[in-house]
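Contents: one structure, followed by commentary.
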Amino acid sequence: ILSAYGIELADAAVERQKPASQVYTQDVLPTIKKQLTQLRDSALDELFSQGFHEDNTSVRYYLNMRYEGTDNTFMVRQPDDWDFEHSFHQRHIREFGFDLADRALLIDDYRVRVLGHCKPLKRQVIKVHDPNIGPAKTATCYFDENWHSTPVYLLNGLGSGFSAKG
């Protein structure tokens with residue numbers, strides 16, 4: 001039960017990726033935004049088909065980037081100002097301690113990650129069990145080779161601290 005409960009509370013993620021193979025410049029930013037938007041729309045459609053709504057989704061954009069002539073790629077998350085180049089340079093310096101600013105910057109892939117967020121649970125107040133409230137009815141049940149009179153309690157009539165003998 002707890003696993004199913006946890007799954008119900010987990011966010012859903014849909015990712016889309018598309019090869020790019022282009023040189024990064026500020027001039028290609030409109031093309032980048034167009035490609036990322038198409039990937040986003042495709043991912044959102046899948047989340048919507050799962051029952052999520054736009055108001056409980058978030059989108060993350062990435063470019064898989066590297067310097068020309070190298071094999072070291074970084075998946076660079078879209079910064080607020082959309083300056084992927086600056087973010088890439090900073091990360092390259094942090095990882096390797098140097099920068100190859102004289103080389104062309106390449107985009108290998110576009111990637112979008114869309115998250116569908118589950119609505120948070122609302123806290124509910126549980127009343128304290130009233131010990132004066134008894135079973136709603138009694139049923140006859142057969143077990144242990146005998147018939148027994150068994151109390152039946154309704155869930156909405158129970159409160160915290162209730163315990164049943166048996």
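As a basis for the values below, the full set of heavy atoms in this structure was taken, side chains included, without hydrogen atoms, waters or symmetry mates. On a predicted model such as this, the values are computed, not experimentally measured, just so you know.
If you take NZ on K18 and CG on N64, they are separated by 15.5 Å, rounding to the nearest 0.5 Å. Distance check, rounded to the nearest 0.5 Å: NE2 of H92 to CG of D99 gives 6.5 Å. Atom CG of L44 sits about 6.5 Å away from atom CD of E54, to the nearest 0.5 Å. Atom NE2 of H53 and atom CZ of F48 lie 9.0 Å apart (nearest 0.5 Å). Distance check: Q78 CD to R60 CZ gives 11.5 Å after rounding to the nearest 0.5 Å. Separating the OH atom in Y67 from the CG atom in N72 is a distance of 11.0 Å, to the nearest 0.5 Å.
Contact check on R103 versus E68 returns no salt bridge, with no Lys/Arg side-chain nitrogen under 4.0 Å from an Asp/Glu carboxylate oxygen. Using a cutoff of 4.0 Å between basic side-chain nitrogens and carboxylate oxygens, R66 and D108 are scored as salt-bridged.
No close placement of the H117 and F52 rings is indicated, their centers lying 6.0 Å or farther apart. Ring-centre distance between Y62 and Y110: not below the 6.0 Å cut-off. In this structure, Y153 has its ring center closer than 6.0 angstrom to the ring center of F162.
Checking side-chain atoms of R91 against main-chain N and O of M75 turns up a donor-acceptor pair under 3.5 Å. In this structure, the side chain of D45 does not engage the main chain of S42 through any donor-acceptor pair within 3.5 Å. Panel note: side chain H148, backbone Y142; no donor-acceptor pair is recorded below 3.5 Å. D81 contributes a side-chain N or O that, together with a main-chain N or O of D83, makes up a donor-acceptor pair within less than 3.5 Å.
The closest side-chain heavy-atom distance from P19 to D109 is below 4.5 Å. W147 is not listed as a side-chain neighbour of C141, based on a closest heavy-atom distance of 4.5 Å or more.
Contact detail for V76 and S87: the closest heavy-atom pair is CG1-CB, 3.7 Å. Between T138 and S149, the closest heavy-atom pair is CG2-OG, 2.7 Å. For the residue pair L36 and R111, the shortest heavy atom distance occurs at CD2-O, 3.7 Å. The shortest non-hydrogen separation linking A10 to C118 is O-SG, 2.9 Å. The shortest non-hydrogen separation linking A43 to R16 is CB-CG, 3.9 Å. Contact record, R40 with V112: CA-CG1, 3.8 Å, taken as the closest heavy-atom pair.
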>> Pair T150, T140 - check side chain to side chain contact (heavy atoms under 4.5 Å, CB included), show working.
In response: CA-CA 6 Å; T150 306; T140 305; over 6 Å; no

>> side chain to side chain contact (heavy atoms under 4.5 Å, CB included) for Q90 and I93? Distances and angles first, verdict last.
In response: CA-CA 5 Å; Q90 285 183 323; I93 291 169; over 6 Å; no

>> As a quick check of understanding, evaluate side chain to side chain contact (heavy atoms under 4.5 Å, CB included) for Y24 and F88, giving each step before the final call.
In response: CA-CA 11 Å; Y24 180 89; F88 178 86; over 6 Å; no

>> Please determine whether side chain to side chain contact (heavy atoms under 4.5 Å, CB included) holds for the pair V23 and L106, giving the CA-CA distance in whole Å, both sets of side-chain angles, and the decisive distance to 0.1 Å.
In response: CA-CA 4 Å; V23 176; L106 304 178; 3.7 Å; yes

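Both F74 and F98 are part of a single hydrophobic cluster, where members link through side-chain heavy atoms under 4.5 Å apart. Connection of V59 to I32 is established within a shared hydrophobic cluster, with ILVMFWY side chains joined at heavy-atom distances below 4.5 Å, either directly or through further cluster members.
Enclosure of atom NE2 in H129 by more than 12 non-hydrogen atoms of other residues, nucleotides or ligands within 6.0 angstrom is indicated. Other residues, nucleotides and ligands place no more than 12 heavy atoms under 6.0 Å from the CG atom of D71.
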